2 protein chains.
Amino acid sequence: MNKEKLRKYFQSVISMPDDKAFALTEDFEHFLLPRNTFLIEENKNIEKTYFLEIGYIRSFTLDNDGLEVTTNIYSAPCFVNDFSSFFKKLPAKQNFQTITNCEGWAMSLTNVEKYFHNSPEFREFGRLLVLNHYDLLNKRMLDMIKNSAENRYLNLLSEHPDIFQNVPLKIIASYLGITATSLSRIRKEIICS
Amino acid sequence: MNKEKLRKYFQSVISMPDDKAFALTEDFEHFLLPRNTFLIEENKNIEKTYFLEIGYIRSFTLDNDGLEVTTNIYSAPCFVNDFSSFFKKLPAKQNFQTITNCEGWAMSLTNVEKYFHNSPEFREFGRLLVLNHYDLLNKRMLDMIKNSAENRYLNLLSEHPDIFQNVPLKIIASYLGITATSLSRIRKEIICS
DNA sequence: CATTTAACTTGCCATTTGGCAAGAAATCAC
DNA sequence: GTGATTTCTTGCCAAATGGCAAGTTAAATG
């Protein structure tokens, strides 16, 4: 397994010659994790940043009653991290856990800092990653406000049908802001209409 | 009225000598707006970025039923903008409106781009502003998950008591994710216990 | 392949939250 | 200062959502 997809990902965010892409991805190390494995744990220090090449990962935290609430579902290819905590060098505010078996590339915080210091391209990449994730979080907030749970379900189904074949409905329900029970009823309602 | 607070704000985010701070704030222009004035309108292009020196501003959008949902309350001193749209040069995704009479400094997108191009300090400042707002949005999301409406109310009351003297409760309720009716009941419950 | 475990659906009922509207209180604007 | 407007509270009722638990289906594991 080589780093071609990782390099392509870098080049899709900011254009750069192949040799630059090779240089920036040099210190990433391969990872292979079974499902239900934690990558990052709430309140613990973040050791690495992850590029997910195959698989599904979720972030979640615990609500008032100690129940898990899924805040995001990551489908490859993408970078996965608690970025605001990572760049502020603070403990993670959420848990990140594999949903399926996952495979990809990871780099230590120490190395990230090295590249951040030495490479303008890497800095720019990191900056755009933060901007993109900020934008996604904003969109998600507005989606929650503007659409009913049923519409959020239908939108996710049409935009990310693959998720429904790889992620349990109870996690999707939680991500949509409802219980598995309610999602089940919504699905029934849609089928019967 | 001079730009001292604006300069100090820059210097509080990244340290810089006074002359740099003077240079970076040179093209900001004073604004004075009565309450209920729109600074930014949803789906329209963002013309300026705002530094709020006096007053209160809110961002809001419309939900499924056309009702206004307040997504943020800004209290001076702070920068106010739909940053992710601003930096991506996309139309605003939300409305920004003064709650009280407001006063501060604004700079056009054209000038922002000029400074972004010419000044490493300004770039760094913008980057940190995005990171901070991303972090705040993240915190707000987790706050919504982890705390009951009553606790969110109590937290806001203890951390920003000034807001309760300057912002109508119906806007605060909306920001807390509940209706004015529910907030009224929560307040009653707290007083009676 | 067989066994165990996890996921999904469904009915019943309790709880929460919201909509509406009226009245009281506070604030605004002239 | 006074009338007009907005804000806030409260009661009543409807609607939405969730908790629980049982039964069913699907998937993981060895």
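Computed from a predicted structure; not experimentally measured. Lettering of chains follows the sequences in order, A, B, ..., and the numbering in each one begins at 1.
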From the set [options], return the single nucleotide nearest to any side-chain atom of [X].
X         : options                   : answer
Lys188(B) : dG11(C), dG11(D), dG18(D) : dG11(D)
Thr181(B) : dG11(D), dA7(C), dT7(D)   : dG11(D)
Ser184(B) : dC28(C), dT9(C), dT9(D)   : dT9(D)
Leu67(B)  : dG19(C), dG18(D), dC8(C)  : dG19(C)

Interatomic distance where [atom1] belongs to [X] and [atom2] belongs to [N] [whole Å]:
X         : N       : atom1 : atom2 : result
Glu150(B) : dT15(C) : CD    : P     : 18 Å
Arg152(A) : dA16(D) : CZ    : P     : 15 Å
Leu183(B) : dT17(C) : CG    : P     : 13 Å
Asn64(B)  : dA16(D) : CG    : C1'   : 14 Å
Ile99(B)  : dT6(D)  : CD1   : P     : 17 Å
Asn166(A) : dA6(C)  : CG    : P     : 19 Å
Ile186(B) : dT9(D)  : CD1   : P     : 11 Å
Arg35(B)  : dA29(C) : CZ    : C1'   : 10 Å

Residues Lys146(A), Glu42(B): salt bridge by 4.0 Å N-O rule = yes
Angle class for the Phe10(B)/Phe79(B) ring planes (parallel below 30°, perpendicular above 60°, tilted otherwise)?
-> perpendicular
If two hydrophobic side chains count as joined below 4.5 Å and joins carry through other members, does Phe164(B) share a cluster with Ile190(B)?
-> yes
With no hydrogens and no angle check, is any side-chain donor or acceptor of Thr100(B) less than 3.5 Å from a backbone partner on Gly55(B)?
-> no
With a 4.0 Å cut-off on heavy atoms, is Arg185(A) in touch with a base, just the backbone sugar-phosphate, or nothing at all?
-> base
Could you check Thr70(A), Thr71(A), Asn43(A) and say which one makes a side chain to side chain donor-acceptor pair (under 3.5 Å) with Gln94(A)?
-> Thr71(A)
Of Leu169(B) and Ala149(A), whose closest DNA chain D nucleotide lies nearer the 5' terminus?
-> Leu169(B)
Using heavy atoms to find the nearest nucleotide of DNA chain D for Ser182(A) and Ser182(B) separately, return the residue whose nucleotide is more 5′.
-> Ser182(B)
